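Start at 1 and go down the list; that is how both ligands and their atoms are numbered. As the structure is a prediction and not an experimental result, all values here were calculated from the model.
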Amino acid sequence: MGGKITSETAARRCLREVLGAFRGCVTERREVLLEPYLRGWRGLIRFLHSLGAVFSFISRDAEAKVQLMEGYCRGERRERYVSLQAMVQYELASGVVDPHKRSGRADSGCRTVLRLHRALCWLQLFLEGLRTAGEDSRPSAICTDSYNASLAAFHPWVIRKAATVAFCALPPRGAFLEAMNVGSAEDAVAVLGEALPYIRDVYGITQELFAEHRLLDLP
Ligand SMILES: CCCCCCCC/C=C\CCCCCCCC(=O)N[C@@H](COP(=O)(O)O)[C@H](O)/C=C/CCCCCCCCCCCCC
């Protein structure tokens, strides 16, 4: 045990932000808008900060990826980065990414979003586990199982080891749900239930888009 909540207001604000952002991501035409997508990630990263310094190597990596994408969204070609669909179309057409090459640009939007997308798979499993597990369950175990079933396959041994050690610092379920600061544990479970369908929808659309263009294995 060891997760320490440094700012209750910040935690509450960022979870509301996550929920609102993922809710606003998908358009009527089933496009995923990048601006709210990245805003959702910002909220998650802020929440991760509130869990303590032991997670900072994880939040730094996520932060760098979000920052890179925000740069594209505000840059010269920002109209190409309004949605994931626009980004994929542009980066494929301009040769920024090539699914047939074994090496590629480390800073492309597609490659960067793919890393976040894989992490979203972990998040879905983790939140679902947290929501449905018994009162005595341990978030560290739920997190480890979710990680092993998703992201771990893409990480080298040293990262897997460091991540697994960090997960041990997660507080017990009651304290974790409290840390979400949205009311009682039941309220927190309800918020998770509210957020999950939106996150699942964003994940599903992205998975389909990347699969269609053979972008799921970008190096
Ligand atoms: C709403 C309720 C509360 C949920 C709170 C969850 C908060 C989670 C916030 C952020 C999740 C972190 C996402 C990490 C993205 C990792 C992307 C990645 O795979 N990067 C690796 C590959 O990148 P490249 O080298 O190819 O550029 C990179 O090597 C990774 C480095 C850092 C380690 C990543 C470990 C990921 C573990 C994810 C679990 C986070 C644990 C949070 C505990 C609540």
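At a threshold of 4.0 Å, the pair R60-E63 does not count as salt-bridged, since none of the basic side-chain nitrogens sits closer than that to a carboxylate oxygen. Ion pairing between E91 and R111 fails under the 4.0 Å rule for side-chain N and carboxylate O.
The proximity of L151 to ligand 1, defined as any non-hydrogen pair under 4.0 Å, is limited to the side chain. Under 4.0 angstrom from ligand 1, there are no non-hydrogen atoms of V18.
Heavy atoms of R118 stay at 4.0 angstrom or farther from ligand 1. Ligand 1 has I159 within reach: a non-hydrogen atom of the residue lies less than 4.0 Å from it. Taking 4.0 Å as the cut-off, R111 counts as a neighbour of ligand 1 on heavy-atom distance.
Side-chain rings of F176 and F47 approach one another, their centers coming within less than 6.0 Å. Checked against the 6.0 Å centroid criterion, the rings of Y147 and H155 qualify as a close aromatic pair.
Of the N or O atoms in W122, none lie within a sub-3.5 Å distance of an N or O in ligand 1. Checked against a 3.5 angstrom limit, the closest N/O atoms of W41 and ligand 1 fall outside it. Residue Y147 has no N or O atom closer than 3.5 Å to an N or O atom of ligand 1.
The L44 neighbourhood of ligand 1 comprises atoms 7 (C), 9 (C), with distances under 4.0 Å to a heavy atom of that residue. If you number the atoms of ligand 1 from 1 as listed, the ones under 4.0 Å from a heavy atom of F47 come out as 3 (C), 5 (C). With ligand atoms numbered from 1 in the order given, ligand 1 contributes 13 (C), 15 (C) to contacts under 4.0 Å with heavy atoms of A119.
Atom 16 (C) of ligand 1 has D61 OD2, 3.6 Å as its closest protein atom, hydrogens excluded (heavy atom only). Of the protein's heavy atoms, K65 NZ, 2.8 Å lies nearest to atom 27 (O) of ligand 1.
Classified by interplanar angle (parallel below 30°, tilted 30° to 60°, perpendicular above 60°), the ring pair F210/H117 is parallel.
Partners of Y81 according to the ring pair (Phe, Tyr, Trp, His ring centres under 6.0 Å) rule, which considers only residues two or more places apart in sequence or in another chain, are Y72, Y90.
Among H155, R160, H117, R46, the residue whose heavy atom sits closest to atom 19 (O) of ligand 1 is H155. With L48, L116, I45 as candidates, the residue nearest to atom 42 (C) of ligand 1 on a non-hydrogen basis is L48.
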Donor-acceptor contacts under 3.5 Å from residues 212-219 side chains, at least two apart:
none

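More than 12 heavy atoms of other residues, nucleotides or ligands sit less than 6.0 Å from atom CD of E194. Counting non-hydrogen atoms of neighbouring residues, nucleotides and ligands closer than 6.0 angstrom, the CD atom of E135 reaches no more than 12 such neighbours.
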